[in-house]
**Student:** 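One structure, pasted below without further comment.
What you see below is based on every heavy atom in this structure, not just the backbone, and it leaves out hydrogens, waters and symmetry mates.
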Amino acid sequence: MLNKRIAVLLLFAALFLVLGACANANDENTESTEENTNEDMEGMDHSNMDMSSSGEVPEGLKTAENPKYEVGSKAIITDAHMEGMKGAEATIVSAYDTTVYTISYTPTTGGERVENHKWVIHEELQDAGEAPIEPGTEVTVNADHMEGMEGVTAEIDTAEKTTVYMVDFTPTTGGEEIKNHKWVTESELSPAE
């Protein structure tokens, strides 16, 4: 009888060790996946980003005359501003020629400073004057892509003259279709096959 109890106890102990090892392996895999996702998004926290928009564009924004991706065509998003973007098939809603900026700012709602946010376009900056604005310049943002962005004073990190696209896409992570997402640059798209 004692041998049976010892055998059962040893069996339970072995079971707990196996389950404990599996749990640790899952934690490590989760951490690794989260690290890879964060690396793809270049350390940016876009959890408060409003991925869909009304489709309204700033006054003075010029429609692209010869965009690489025509309105209504499909393209694959090759960059990840946020989870679920990279690899998603996008439908091109509109295309504009402008200057795009990465910016850094502290949200008006408080919290940590946002570094190298992609993208704000020239027409979304208050009293922007002539493009491009030099990196290091402070500007006021008239866009609400993320909570706490509207009206904030931001620093220009980079500036690039390019074609930007408004796109519809369904995240690769599932969920509802994102409508009129602002902005994806031409270099962040590849032809759909």
Side-chain angles (χ1 to χ4, degrees), residues 33-64 77-88 90 92-169 171-173 175-176 178-189:
T33 300
E34 288 172 359
E35 286 172 12
N36 290 339
T37 300
N38 289 339
E39 285 174 15
D40 286 344
M41 292 185 273
E42 298 179 29
M44 295 182 291
D45 177 11
H46 286 84
S47 59
N48 293 324
M49 187 161 190
D50 185 5
M51 292 180 68
S52 289
S53 77
S54 65
E56 289 183 39
V57 296
E59 199 173 302
L61 186 58
K62 294 186 171 114
T63 300
I77 302 172
T78 60
D79 198 22
H81 302 173
M82 67 219 49
E83 190 176 353
M85 274 187 86
K86 191 171 188 173
I92 305 300
V93 175
S94 53
Y96 305 95
D97 289 329
T98 188
T99 299
V100 295
Y101 301 96
T102 57
I103 60 171
S104 294
Y105 64 95
T106 301
T108 59
T109 53
E112 290 186 29
R113 183 170 170 82
V114 176
E115 299 285 343
N116 297 306
H117 170 79
K118 292 180 180 178
W119 300 101
V120 174
I121 62 172
H122 191 77
E123 292 76 9
E124 293 174 322
L125 303 177
Q126 184 175 310
D127 302 325
E130 294 296 313
I133 298 174
E134 293 294 317
T137 304
E138 286 195 345
V139 294
T140 301
V141 179
N142 289 332
D144 60 356
H145 304 174
M146 296 178 70
E147 187 179 330
M149 178 184 273
E150 181 79 34
V152 77
T153 298
E155 183 177 333
I156 300 290
D157 296 313
T158 65
E160 176 187 356
K161 195 162 181 58
T162 188
T163 301
V164 295
Y165 297 86
M166 190 182 308
V167 297
D168 294 344
F169 70 96
T172 58
T173 52
E176 293 183 21
I178 306 302
K179 303 290 270 178
N180 302 312
H181 176 73
K182 299 174 186 171
W183 304 101
V184 179
T185 62
E186 197 158 89
S187 65
E188 294 174 321
L189 297 170

**Student:** Starting at CH2 of W119, measure out to CG of D79 and round the result to the nearest 0.5 Å.
**Tutor:** 7.5 Å
**Student:** What verdict does the side-chain contact (heavy atoms from CB on, under 4.5 Å) test give for V139 and T153, after you've listed the backbone C-alpha separation in whole Å, the side-chain angles of each residue and the deciding distance to 0.1 Å?
**Tutor:** CA-CA 6 Å; V139 294; T153 298; over 6 Å; no
**Student:** For T140 and G151, which heavy atoms make the closest approach, and how far apart are they?
**Tutor:** CG2-O, 3.8 Å
**Student:** What pairs of donor and acceptor atoms, side-chain ones from residues 120-133 against any protein atom, are under 3.5 angstrom apart with sequence neighbours left out?
**Tutor:**
from, atom 1, to, atom 2, distance (Å)
H122, ND1, Y101, OH, 2.8
H122, NE2, G129, O, 2.8
E123, OE1, T98, OG1, 2.6
E123, OE2, T98, OG1, 3.3
E124, OE1, I121, N, 3.0
E124, OE1, W183, NE1, 3.3
E124, OE2, H145, NE2, 3.0
E124, OE2, W183, NE1, 3.2

**Student:** For V114 and T106, run side-chain contact (heavy atoms from CB on, under 4.5 Å): C-alpha distance rounded to whole Å, both residues' side-chain angles, the deciding distance at 0.1 Å, then the answer.
**Tutor:** CA-CA 6 Å; V114 176; T106 301; over 6 Å; no
**Student:** Please identify each residue that fulfils side chain to side chain donor-acceptor pair (under 3.5 Å) with T158, with sequence neighbours left out.
**Tutor:** T102
**Student:** What pairs with T163 under side chain to side chain donor-acceptor pair (under 3.5 Å), at least two apart in sequence or on another chain?
**Tutor:** D97
**Student:** For S187, give me all partners under side chain to side chain donor-acceptor pair (under 3.5 Å), at least two apart in sequence or on another chain.
**Tutor:** T185
**Student:** Under the side-chain contact (heavy atoms from CB on, under 4.5 Å) criterion, do K118 and E188 qualify, and how do the steps go?
**Tutor:** CA-CA 11 Å; K118 292 180 180 178; E188 294 174 321; 4.0 Å; yes
**Student:** How far apart are the closest heavy atoms of I156 and E134, and which atoms are they?
**Tutor:** CB-O, 3.8 Å
**Student:** Scan for salt bridge (charged side-chain N to carboxylate O under 4.0 Å, His left out) pairs involving residues 159-169, sequence neighbours excluded, and state none if there are none.
**Tutor:** D168-K179
**Student:** List in chain and number order the residues that pass side-chain contact (heavy atoms from CB on, under 4.5 Å) with E150, two or more places apart in sequence or in another chain; answer none if no residue qualifies.
**Tutor:** N142, D144
**Student:** About how many Å separate CE of M166 and NE2 of H181, when rounded to the nearest 0.5 Å?
**Tutor:** 10.0 Å
**Student:** Could you work out, with side-chain contact (heavy atoms from CB on, under 4.5 Å) as the rule, every residue matching T173, not counting sequence neighbours?
**Tutor:** E83, P171
**Student:** Is the shortest side-chain heavy-atom distance between V184 and V164 below 4.5 Å?
**Tutor:** no
**Student:** For the residue pair K86 and A80, what are the closest heavy atoms and their distance?
**Tutor:** CB-CB, 3.8 Å
**Student:** Could you state the interatomic distance from NZ (K62) to OH (Y96), rounded to the nearest 0.5 Å?
**Tutor:** 13.5 Å
**Student:** Mind checking side-chain contact (heavy atoms from CB on, under 4.5 Å) for S104 and listing every partner two or more places apart, or none if nothing turns up?
**Tutor:** R113, E115, N116, D157
**Student:** Would you name the heavy atoms of A143 and M149 that are closest together and state the gap between them?
**Tutor:** O-CG, 3.3 Å
**Student:** Compare all side-chain heavy atoms of Y165 with those of L189 and state whether any distance is below 4.5 angstrom.
**Tutor:** yes
**Student:** What pairs with Y105 under side chain to side chain donor-acceptor pair (under 3.5 Å), at least two apart in sequence or on another chain?
**Tutor:** none
**Student:** Minimum heavy-atom separation for T172 and A88, please, with both atom names.
**Tutor:** CG2-N, 3.6 Å
